[in-house]
Engineer: 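Can you read through this structure? Questions will come right after.
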Amino acid sequence: MQTVKPVIYQLLPRLFTNYCAAPIVGGSIQQNGSGKLNDISDHILNSIKNLGATHIWYTGVIEHAHTPDYSAYGIAPHNCHIVKGKAGSPYAITDYYDIDPDLAVDVPHRMAEFEALVERTHRAGLNVIIDFVPNHVGRQYHSDAKPAGVDDFGSNDNTNVFFAPDNNFYYITYQQFSPDLDLGSGDEAYVEFPAKASGNDCFYASPGKDDWYETVKLNYGIDYSNGATHFSPMPDTWVKMIEILKFWASKGIDGFRCDMAHMVPLEFWRTAIDAVRSVAPNIKFIAEIYDVALYRPFIESGFDYLYDKVNLYDTLRAVETNRAPASAITGCWQAVDGINDHMLNFLENHDEQRFASSFYSGDAMHVLPSLVVSALMSRGPMMIYFGQELGEPGADAEGYSGYDGRTTIFDYWSVASVRRWLNEGCCDGYLSDNEKALRDIYSRVLRLCNDEQAISRGGFFDLMYVNYYNARFNPYRHYAFLRHYGDTVLVIIANFDNIDCDIAVNIPSHAFECLQIGEITDNAAIEMLSATKAYKELSPLRPFEAFVPAHGAVIWKLKTIKHTNS
């Protein structure tokens with residue numbers, strides 16, 4: 001059993017340490033600037049560690065399509081007509097073997113700057129996660145930094161056929177790439193013939209604006225014209241991708257967050273994960289995945305953790321926005337019973353709208369019940385997105401991204417709440433009273449993940465089934481559960497309602513039997529978020545009573561008597 005519950009802090013270096021005070025909508029890197037790897041200092045890393053993090057996911061560090069011209073450094077330029085925004089998508093990779101030059105202070109030494117960041121992160125006691133983007137590449141993929149003897153993707157393809165087992169791309173033969181957007185004119189035009197399939201399985205020459213037109217789908221040996229698979233001998237794309245994974249593993253990173261992992265065949269993952277662990281035995285693999293039916297097969301194929309987006313995230317969002325009862329949360333753990341420890345929970349990431357945005361909750365201070373449930377109901381990882389702990393509302397219309405409740409991944413931008421907190425690296429900047437209080441809430445909850453073994457190593461017991469007809473418990477807006485380890489029981493109650501509640505929670509005899517604990521009376525308990533102390537009872541004969549504020553939660557810690565079957 002793992003002894004550390006991963007707490008992952010996701011940040012985009014391009015945005016994270018960008019201190020531009022007044023970024024211009026749709027501005028260039030010259031106008032708005034870019035965060036740098038070197039600016040993520042020891043002091044900043046220690047501050048993230050003190051928040052409760054155990055890992056940092058550095059999002060978008062591998063070179064991807066962008067508009068600045070770095071040809072003076074031997075980096076092939078990218079046509080602006082197939083770059084989303086000025087900064088480009090971090091998921092349109094243009095060189096798997098390189099660091100994005102936007103993130104470097106000294107461009108020729110960009111890899112050394114990344115290696116130094118890995119070293120600093122480890123020195124702070126944090127693990128490093130980076131993206132692995134296996135399903136697609138940027139439309140102008142060309143590696144300037146690849147090791148000797150490595151061929152570029154597509155360099156040896158037969159472009160006269162839709163599919164060939166050792167082709168890296170799929171070709172729409174005898175048709176020119178003609179998406180529903182301006183590709184420029186004259187010498188500035190982007191011309192692609194024959195057209196390649198786009199990354200979202202768009203197998204025609206004219207993708208729309210909502211397609212992943214800036215990317216090209218990679219061929220893992222599946223002929224999508226008839227569904228046939230060609231996995232033996234090993235396809236060329238497999239060979240190249242495994243070498244790329246080993247290359248980054250050699251940099252001392254601790255894990256890969258694998259983008260759209262379910263769009264790549266399981267047969268590849270089984271082979272690739274085994275191959276990488278032959279040289280880096282402890283490296284972790286996290287799958288971005290959106291199909292509960294695939295959860296178990298992906299874990300069986302070697303993944304350590306999976307996004308639980310379509311299960312817990314979607315349910316918590318529905319509860320928060322009054323589209324589902326709190327009792328629906330029970331179905332989330334039931335759906336993943338037996339693999340709960342592999343579920344990575346979150347309330348925000350770069351794809352999702354900010355919790356505090358007007359598209360979601362609209363109030364950052366309402367986060368506590370969702371945060372407590374997401375972070376504390378299992379031994380699996382919890383992830384937060386930079387600025388989430390400050391209540392960042394995602395209220396900017398940055399450029400390509402527009403006003404959508406998200407923080408842009410396509411533009412050069414500076415996130416005001418993060419900029420104020422960082423204060424150019426001092427981590428002592430001006431925050432409002434609410435922002436200070438919110439960061440303290442996040443710190444208390446996230447630190448509990450590993451300060452309390454009942455969370456990191458303990459058992460779980462859902463209390464909803466005995467409280468549906470409880471007059472002092474509203475299963476539509478309240479959720480309650482137990483965590484237990486050794487001589488500690490945590491009684492956790494989340495109140496999604498907008499009114500304060502004196503709640504009484506029934507504890508069934510079955511809970512005492514399952515957790516092997518005895519009845520507790522006159523226990524000097526402590527509420528872990530407020531440090532309130534009170535005498536509490538834990539009994540199947542009387543409900544557990546607690547006051548829970550509106551949009552709040554309580555975590556009552558009690559010491560138990562070990563149950564014996566005498």
Engineer: Go through R420 and E435 one step at a time and tell me if the side chain to side chain contact (heavy atoms under 4.5 Å, CB included) criterion holds.
Structural biologist: CA-CA 11 Å; R420 286 188 287 105; E435 288 171 330; 2.7 Å; yes

Engineer: Between E63 and Y96, is any side-chain donor less than 3.5 angstrom from a side-chain acceptor?
Structural biologist: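 No, Y96 and E63 have no side-chain donor paired with an acceptor closer than 3.5 Å.
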
Engineer: Under the 3.5 angstrom rule, does the side chain of S378 hit a backbone N or O of G380 as a donor-acceptor pair?
Structural biologist: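 Yes; at least one donor-acceptor contact below 3.5 Å.
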
Engineer: Against F256, only a single residue in I286, I129, I283 fulfils side-chain contact (heavy atoms from CB on, under 4.5 Å); can you say which?
Structural biologist: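 The passing option is I283.
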
Engineer: Would you say the side-chain atoms of S456 pair up with the backbone N or O of N450, donor to acceptor, closer than 3.5 Å?
Structural biologist: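 Judged by distance alone, no pair lies under 3.5 Å.
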
Engineer: More than 12 foreign heavy atoms under 6.0 Å from NE2 of H43: is that the case here?
Structural biologist: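 Enclosed.
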
Engineer: Measure from the side-chain N and O atoms of N18 to the backbone N and O of Y412, and report whether any donor-acceptor pair falls under 3.5 Å.
Structural biologist: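 Between the backbone of Y412 and the side chain of N18 there is no qualifying donor-acceptor contact (under 3.5 Å).
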
Engineer: Would you tell me whether D308 and Y295 have side-chain atoms, one donor and one acceptor, within less than 3.5 Å of each other?
Structural biologist: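 There is such a pair between these side chains.
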
Engineer: Under a 4.0 Å threshold between the charged nitrogen and the carboxylate oxygen, would D341 count as salt-bridged to R379?
Structural biologist: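 Between D341 and R379 there is a salt bridge, with a charged N closer than 4.0 Å to a carboxylate O.
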
Engineer: Less than 4.0 Å between a side-chain N and a carboxylate O, is that true for R139 and E192?
Structural biologist: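 Salt bridge present between E192 and R139.
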
Engineer: Going by an N to O cut-off under 4.0 Å, is there a salt bridge joining D254 and K284?
Structural biologist: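 Result for this pair is no, no salt bridge flagged.
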
Engineer: Donor-acceptor check, side chain of Y190 to backbone of C80, threshold 3.5 angstrom: yes or no?
Structural biologist: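 Absent.
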
Engineer: Does H64 reach the main-chain N or O of I62 with its side chain, forming a donor-acceptor pair under 3.5 Å?
Structural biologist: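 It does hold such a pair.
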
Engineer: Output yes when a side-chain donor or acceptor of E320 lies under 3.5 Å from a complementary backbone atom of S370, and no otherwise.
Structural biologist: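 Such a contact is absent between E320 side chain and S370 backbone.
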
Engineer: Any side-chain donor paired with an acceptor under 3.5 Å for Y171 and D157?
Structural biologist: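 Yes, because at least one side-chain N or O of Y171 sits under 3.5 Å from a partner of the opposite role on D157.
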
Engineer: Under 3.5 Å, is there a donor on one side chain and an acceptor on the other for N168 and N219?
Structural biologist: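 Judged by distance alone, the side chains do not pair up.
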
Engineer: Distance-only, no hydrogens or angles: does the R120 side chain make a donor-acceptor pair with backbone N or O of I40 under 3.5 Å?
Structural biologist: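 Yes, because the side chain of R120 sits within donor-acceptor range (under 3.5 Å) of the backbone of I40.
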
Engineer: Charged N to carboxylate O under 4.0 angstrom, R354 versus E392?
Structural biologist: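 No, this pair does not count.
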
